[in-house]
Amino acid sequence: MKKYIEKERELKNCATVDVLVVGSGPSGFAAAYAAAKNGADTMIIEQNGDIGGISTSGLMSHWTGSVNSALYSKLLKRSAEKNEGEWKNKITNLIDPEKLKTLYLEMLMEAGCKIKLYTFASDVIMEDNKVKGVIIESKSGRETIFANTVIDASGDGDIAAKAGVSYQLGRETDGKMQPATIMFKIAGVDTENAVYLGSFESTYETEKGELQALAKQHLPFPAGHVLLYHSTLPGIVTCNMTNCTEVDGTNADDLTKATITCRKQMDKIIAFLREFVPGYENCFAISSASFIGIRETRHFKGKYTLTENDILNAKVFDHWIVRDAFFNFDVHNISGAGLDETGCQKDFHVKKGYTIPYECLLPQEKENLLLCGRNISGTHMAHSNFRAMPICLGIGEAAGIAAALAAKQHISLCDVKAEEIQKILLEECQTNE
């Protein structure tokens with residue numbers, strides 16, 4: 001059989017809601033929480049078995065970058081309450097993924113959000129240029145969810161792409177994208193004497209040589225850098241050193257290739273750490289991310305496209321919905337290990353945070369849909385900055401508020417006033433003080 005034509009069938013509708021959030025990374029969690037907290041009948045769906053995306057199932061080590069967000073501050077405070085030992089009740093950007101998984105669920109349930117895990121959004125339901133809902137696949141079968149607003153927090157913008165929103169894949173010059181990584185945790189580390197290199201531009205001299213240079217020499221290409229981070233747990237370090245280039249995160253075959261490549265690198269990375277890095281002589285892997293970490297795929301065309309200059313000039317937009325966003329140009333080497341020649345970490349000298357306007361969340365030519373997280377409208381270089389998780393969380397918080405306002409006022413997303421979103425965000429900040 002060379003071809004199979006699927007028979008037409010009527011699908012069961014499992015829910016009709018004001019706001020449907022697709023994807024539950026930091027931006028999706030924030031969007032669902034904010035929408036529900038502001039009175040909208042909200043559902044979040046996630047293809048994995050846990051909320052949090054890269055921040056939990058992806059074993060991300062810490063929140064990097066910053067944003068002025070009441071929800072982000074609340075999340076850090078609630079996380080501190082769950083920490084144990086020396087980190088109990090201490091606010092930190094370090095992440096304990098297991099505790100964060102539970103905290104996300106608790107907060108969503110407190111807000112009254114409906115949660116549907118193990119559920120994949122396989123297609124979009126359109127009426128002319130309006131998104132009316134999505135088709136989902138799960139153990140329960142193929143079903144529909146209808147919504148007044150669909151918030152695409154899938155990372156890659158799968159719903160926006162299926163809805164026909166225009167996009168650029170990768171960087172503008174050649175379509176290439178940042179490499180993929182599987183994060184993993186190692187135990188048996190002498191944390192009192194261990195070396196931690198937190199950026200590509202961090203170096204450390206040993207008797208055997210400088211660590212970043214040794215990594216390029218001894219690790220299998222395209223691995224070849226050292227990134228080691230503290231954790232809240234004794235003897236545990238998070239490792240960000242696997243690397244796979246030439247990966248299209250929207251292609252299942254590429255995702256499979258990246259997973260195989262990165263997993264094959266792990267044993268060699270452990271051997272390298274034991275031989276060359278002080279404090280890691282007896283280290284061993286204890287856990288690894290349950291899915292590949294994808295940094296960059298689709299850049300959608302919104303009503304405004306955020307640029308590198310907007311960030312460098314710390315531009316304050318009248319219609320801002322995210323403020324005081326701060327990070328660097330974190331472009332991982334597109335053709336190998338380390339920092340790309342276009343990236344800038346240590347030498348990123350902009351001290352003032354920037355804003356993101358509401359128009360970056362509004363896709364061109366489509367209605368009832370909000371872009372959310374790293375898939376908002378921005379250039380390749382701007383994306384390397386706003387893809388940081390705290391900033392994505394701030395984007396999600398604003399998206400959820402916008403969707404709730406549209407539902408409450410029975411208006412389109414384009415007619416939601418940014419000033420009203422700002423008012424709610426500022427009130428939340430005052431309440432959180």
Side-chain angles (χ1 to χ4, degrees), residues 25-26 52-66 75-76 79-80 82-87 90-101 178-204 206 211-212 214-215 219 223-243 262 265-266 269-270 272-274 276-293 295 326-328 330 332-333 337-339 343 345-346 348 387-393:
I54 287 297
S55 68
T56 54
S57 301
L59 286 194
M60 186 60 188
S61 51
H62 63 293
W63 298 93
T64 184
S66 60
L75 194 66
L76 292 182
S79 294
K82 286 186 174 293
N83 288 337
E84 298 181 74
E86 65 174 303
W87 291 102
K90 291 183 180 179
I91 293 179
T92 175
N93 68 340
L94 298 178
I95 294 173
D96 183 330
E98 297 307 316
K99 293 188 182 301
L100 187 56
K101 288 174 184 178
Q178 293 198 46
T181 294
I182 291 180
M183 303 283 288
F184 64 99
K185 290 186 179 292
I186 49 182
V189 180
D190 177 5
T191 50
E192 290 187 4
N193 298 302
V195 173
Y196 299 91
L197 296 183
S199 72
F200 295 126
E201 296 165 315
S202 301
T203 59
Y204 190 86
T206 72
L211 289 181
Q212 298 289 8
L214 287 170
L219 291 178
H225 57 255
V226 180
L227 288 176
L228 298 165
Y229 301 106
H230 293 269
S231 80
T232 59
L233 303 174
I236 307 297
V237 170
T238 305
C239 184
N240 182 359
M241 291 173 60
T242 67
N243 200 47
C262 289
Q265 294 170 358
M266 287 183 188
I269 290 171
I270 293 292
F272 171 84
L273 294 175
R274 289 172 178 170
F276 293 106
V277 185
Y280 295 79
E281 293 83 1
N282 299 306
C283 72
F284 54 93
I286 57 165
S287 61
S288 59
S290 56
F291 61 84
I292 193 82
R295 295 181 173 90
F326 184 81
F327 194 42
N328 53 53
D330 189 30
H332 291 230
N333 192 342
L339 187 68
Q345 292 182 340
K346 181 175 63 178
F348 186 81
R387 72 178 180 85
M389 293 196 309
I391 301 173
C392 284
L393 188 144

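Quick note: residue numbers are just sequence positions, from 1.
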Residue pair Thr242 / Ile269, side-chain heavy-atom distance below 4.5 Å = yes
Between Lys185 and Thr238, a side-chain donor and acceptor under 3.5 Å | yes
Would you check if Leu214 and Thr206 make a side-chain contact, meaning some heavy-atom pair closer than 4.5 Å?
-> yes
OH (Tyr229) and CG (Asn240) are apart, to the nearest 0.5 Å, by 5.0 Å
Work out which heavy atom in Thr64 is nearest to a heavy atom in Ala388; give both atom names and the distance.
-> O-CB, 3.3 Å
Verdict with reasoning, Cys262 to Ile292, per side chain to side chain contact (heavy atoms under 4.5 Å, CB included) | CA-CA 9 Å; Cys262 289; Ile292 193 82; 3.9 Å; yes
Evaluate the side-chain proximity of Phe326 to Phe348: yes if any heavy-atom separation is below 4.5 Å, no if none is.
-> yes
Would you mind checking if Arg295 and Asp330 are paired as a salt bridge, meaning a charged N to carboxylate O distance below 4.0 Å?
-> no
How long is the gap from CG on Asn333 to CD on Gln178, to the nearest 0.5 Å?
-> 10.0 Å
Do the side chains of Asn243 and His225 get nearer than 4.5 Å, heavy atoms only?
-> yes
Hey, are the side chains of Pro234 and Thr191 touching, using non-hydrogen atoms and a 4.5 Å cut-off?
-> no
Atom pair CH2/SG of Trp63 and Cys392 - distance to nearest 0.5 Å | 9.5 Å
So how far is it from Gln265 CD to Phe272 CZ, rounded to the nearest 0.5 Å?
-> 13.0 Å
Between CG of Leu393 and CG of Leu76, what distance do you get to the nearest 0.5 Å?
-> 9.0 Å
Please report the C-alpha distance between Leu75 and Leu100 in whole Å, then the side-chain angles of each, then the deciding distance to 0.1 Å, and finally whether the side chain to side chain contact (heavy atoms under 4.5 Å, CB included) criterion is met.
-> CA-CA 9 Å; Leu75 194 66; Leu100 187 56; 4.2 Å; yes
For Glu201, does the CD atom sit with more than 12 other heavy atoms under 6.0 Å from it, leaving out its own atoms?
-> yes
Please report the closest heavy-atom contact between Ser288 and Ile182, naming both atoms and the distance.
-> CB-CG2, 4.3 Å
Criterion side chain to side chain contact (heavy atoms under 4.5 Å, CB included) on Ser66 and Phe327, from CA distance to verdict | CA-CA 7 Å; Ser66 60; Phe327 194 42; over 6 Å; no
Which heavy atom in Met241 sits nearest to a heavy atom in Leu219, and how many Å separate them?
-> CE-CD1, 3.8 Å
Taking side chain as C-beta onward, heavy atoms only, is Asn83 less than 4.5 Å from Thr92?
-> yes
Within a strict 4.5 Å, meaning less than it, do heavy atoms of the Phe184 and Ser287 side chains meet?
-> no
Between Leu197 and Gln212, the two heavy atoms sitting closest are CD1-NE2, 3.8 Å
Kindly compute the distance separating NZ (Lys346) from CG (Leu339), expressed to the nearest 0.5 Å.
-> 10.5 Å
Determine, stepwise, if the pair Ile54 / Phe291 fulfils side chain to side chain contact (heavy atoms under 4.5 Å, CB included).
-> CA-CA 8 Å; Ile54 287 297; Phe291 61 84; 3.4 Å; yes
Which atom names give the shortest non-hydrogen contact between Tyr280 and Ala194, and what distance separates them?
-> CE1-CB, 3.8 Å
State, yes or no, whether a side-chain contact exists between His230 and Val237 at a heavy-atom distance under 4.5 Å.
-> no
Where Cys239 and Leu228 come nearest, the two heavy atoms and their spacing = SG-CD2, 4.0 Å
Side chain of Thr56, backbone of Pro97: donor and acceptor closer than 3.5 Å?
-> no
